[in-house]
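Reviewing the structure listed below.
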Amino acid sequence: QVQLVESGGGLVQTGGSLRLSCAASGRTFSGYAMGWFRQAPGKEREFVATIRWAGGSTYYSDSVKGRFTISRDNANNTVYLQVNSLKPEDTAVYYCAAATRYSSGWLIAPESYDYWGQGTQVTVSS
């Protein structure tokens, strides 16, 4: 089993920044890619960003491109999401997810991921 633990969420003002972390652990964790999603109250879970463990290539949703940066630390099985220039509409619970199956395309659908963390709340005040 794989465990994902997010941290780093909080309350910030518009324009502020946070660094979210996701630590992966478990027996012989061997993933293909990691992703960040978010879910605001009353809305569906939304893709934010994804990164492949090998090579570190990344892909972002249009709504966060240029403001958010996903990165990974292979040695420590940790993925980060640096969130800058935050807006009130970024308020949501942010989840990290791990995908173990190869895909030729970018993994932007929640069903592409096999493991999920418990989420960390990000609240942006106006």
Side-chain angles (χ1 to χ4, degrees):
Q1 193 60 279
V2 173
Q3 294 83 40
L4 303 176
V5 179
E6 301 102 330
S7 60
L11 172 64
V12 296
Q13 293 184 333
T14 297
S17 298
L18 288 170
R19 189 192 196 201
L20 310 183
S21 299
C22 173
S25 63
R27 47 180 281 250
T28 318
F29 175 71
S30 177
Y32 168 68
M34 298 290 289
W36 284 97
F37 289 76
R38 65 186 182 185
Q39 189 166 18
K43 295 188 176 181
E44 293 186 352
R45 193 163 295 192
E46 174 191 18
F47 167 77
V48 174
T50 185
I51 187 167
R52 293 173 176 150
W53 282 113
S57 53
T58 59
Y59 183 79
Y60 298 89
S61 69
D62 287 343
S63 62
V64 307
K65 196 177 299 181
R67 299 188 297 124
F68 292 9
T69 302
I70 189 171
S71 61
R72 90 270 192 241
D73 178 348
N74 292 52
N76 294 303
N77 285 339
T78 300
V79 174
Y80 304 98
L81 187 69
Q82 179 69 40
V83 296
N84 298 328
S85 303
L86 283 163
K87 307 173 183 179
E89 52 263 43
D90 294 318
T91 295
V93 177
Y94 283 70
Y95 298 91
C96 74
T100 60
R101 294 159 287 170
Y102 168 81
S103 171
S104 59
W106 293 110
L107 300 179
I108 64 173
E111 53 266 29
S112 298
Y113 292 83
D114 305 292
Y115 302 98
W116 292 83
Q118 83 288 349
T120 185
Q121 177 71 46
V122 172
T123 303
V124 185
S125 63
S126 57

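The figures here come from the full heavy-atom set of this structure, side chains too, leaving out hydrogens, waters and symmetry mates. All residue numbers refer to positions in the sequence shown, counting from 1. Please read these numbers as outputs of a predicted model, since none were measured by experiment.
Side chains of W106 and R52 form a contact here, defined as non-hydrogen atoms less than 4.5 Å apart. Contact check for T14 versus P88: side-chain heavy atoms found under the 4.5 Å cut-off.
Note that the OG atom of S7 and the CG atom of L18 stand 11.0 Å from one another [nearest 0.5 Å]. Going from atom OG1 of T120 over to atom CH2 of W36 covers 7.5 Å, rounded to the nearest 0.5 Å. A distance of 10.0 Å separates OG of S61 from CZ of F37, quoted to the nearest 0.5 Å. In this structure, OG on S126 lies 10.0 Å from CD on E89, to the nearest 0.5 angstrom. Here CZ of R72 is found 11.5 Å from CG of N77. Values are rounded to the nearest 0.5 Å. For the atom pair CZ (R45) and CZ (R38), the distance works out to 13.0 Å, reported to the nearest 0.5 Å.
Under 3.5 Å, the side chains of Y113 and T50 contain a donor-acceptor pair of N or O atoms.
Residues G119 and E6 come closest through the heavy atom pair N-OE1, 2.8 Å. Counting all heavy atoms, side chain and backbone alike, Q3 lies closest to G26 at OE1-CA, 3.7 Å. Closest approach of L107 to F47, counting heavy atoms only: O-CE1, 3.6 Å. Counting all heavy atoms, side chain and backbone alike, A92 lies closest to A40 at CB-N, 3.8 Å. Among all heavy-atom pairs drawn from A33 and W53, the shortest one is N-CD1, 3.8 Å. Nearest heavy-atom pair across Y115 and T100 is CE1-CG2, 3.9 Å.
Applying the disulfide bond (SG atoms under 2.5 Å apart) rule to pairs touching residues 61-126 yields C22-C96, sequence neighbours excluded. The disulfide bond (SG atoms under 2.5 Å apart) pairs that include a residue from residues 50-90 number zero, where partners must be two or more places apart or lie in different chains. Pairs engaging residues 65-97 under the ring-ring contact (aromatic ring centres under 6.0 Å, His included) rule: none recorded [sequence neighbours left out].
Of the charged side-chain nitrogens involved, none lies within less than 4.0 Å of a carboxylate oxygen, so that K87 and D90 do not count as a salt-bridged pair.
Between the side chain of T91 and the main chain of V124, a donor-acceptor pair closer than 3.5 Å is present.
None of V79, V122, I70 except one satisfies the side-chain contact (heavy atoms from CB on, under 4.5 Å) rule with L20; the exception is V122.
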